[in-house]
**Q** 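Please read through the structure below; I'll follow up with questions.
Along the sequence shown, residues carry numbers from 1. Just so it is clear, the values below take in all heavy atoms, side chains as well, and ignore hydrogens, waters and symmetry mates.
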Amino acid sequence: MASTSSTPLSISSSSSLIDARVSRQSAATSPQCVSLPTLPPPPVQPQNRPWKAAAYCRKIARNVMTMATGEVPVEVASTELPEIVMTVQEAWDRVEDKYAVSSLVVAGGVALWGSAGFISAIERLPLIPGVLELVGIGYTGWFAYKNLVFKPDREALIAKIKDTYKEVTGSS
């Protein structure tokens, strides 16, 4: 076994550590200071995702090919839009007054934003949210008792909903 020699270490007083006027060089040459060995550089991490770089290179090559030839690659051309997007595009193409529809959509968004602000302002008031919650619970109970508890009332409600749906959609 190799012998180890131990030498007593002493730490310098705190005044030399706190004093800003003491230079580092004088502290390093002082016999009272202990210097720590420097750490080795961190190990080089091998690239653990070579597929990511390869995919990026393929994407660049595809973009360059597209710009040079003006053709759309087969991968991009074969993608289909979801059904809902196709439905929305068809509905938009059938609209005659696109300006009016766009204005209504913007006005609806502004109204939604404004109503959300109004509701959050009401919610900050001390007593109003609790009262409104009680009113909502009471109305829900009354509606359920009046329209859902008994079978003839339920059937009348279902018939009314179906009639309203037919009026709105225009189907007969």
**Q** Side chains of I128 and L132, heavy atoms from C-beta outward: is any pair under 4.5 Å?
**A**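 In contact.
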
**Q** Which of these, T164, D163, L157, I158, sits in a side chain to side chain contact (heavy atoms under 4.5 Å, CB included) with I161?
**A**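 Among T164, D163, L157, I158, the one that satisfies the side chain to side chain contact (heavy atoms under 4.5 Å, CB included) with I161 is L157.
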
**Q** Ring pair (Phe, Tyr, Trp, His ring centres under 6.0 Å), that's the test. Do Y139 and W142 meet it? Break it down for me.
**A** CA-CA 5 Å; Y139 182 77; W142 173 80; 5.5 Å; yes

**Q** Give the minimum heavy-atom separation between G136 and T140, together with the two atoms involved.
**A**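 Shortest heavy-atom contact: O-OG1, 2.8 Å.
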
**Q** If you define the side chain from C-beta out and look only at heavy atoms, does anything of F150 sit under 4.5 Å from D153?
**A**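 Yes, side chains in contact.
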
**Q** With a cut-off of 6.0 Å (strictly less than), are more than 12 heavy atoms of other residues, nucleotides or ligands near CG of L127?
**A**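 It does not: L127 CG has 12 such atoms or fewer within range.
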
**Q** Would you say L125 ends up clustered with L134 if hydrophobic residues are merged whenever their side chains have heavy atoms under 4.5 Å apart, either directly or through other cluster members?
**A**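 The answer is no; the residues belong to distinct hydrophobic clusters.
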
**Q** Just how far is it from atom CG of N147 to atom NZ of K160, taken to the nearest 0.5 Å?
**A**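 Result: 8.0 Å between the selected atoms.
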
**Q** To the nearest 0.5 Å, what is the distance between CD (E167) and OG1 (T169)?
**A**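 With rounding to 0.5 Å, CD (E167) is 9.5 Å from OG1 (T169).
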
**Q** I need the minimum non-hydrogen distance between K98 and D93, along with the two atoms involved.
**A**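 Nearest heavy atoms, K98 then D93: NZ-O, 4.1 Å.
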
**Q** Mind checking the CG-CG spacing from L104 to D97? Nearest 0.5 Å is all I need.
**A**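 CG of D97 is found 9.0 Å from CG of L104.
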
**Q** With sequence neighbours left out, which residue pairs that include part of residues 91-135 fulfil the ring-ring contact (aromatic ring centres under 6.0 Å, His included) condition?
**A**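 Qualifying pairs: none.
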
**Q** Around K151, counting heavy atoms of other residues, nucleotides and ligands shown, do more than 12 lie under 6.0 Å from its NZ?
**A**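 No, NZ of K151 has 12 or fewer neighbouring heavy atoms, counting only those of other groups under 6.0 Å.
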
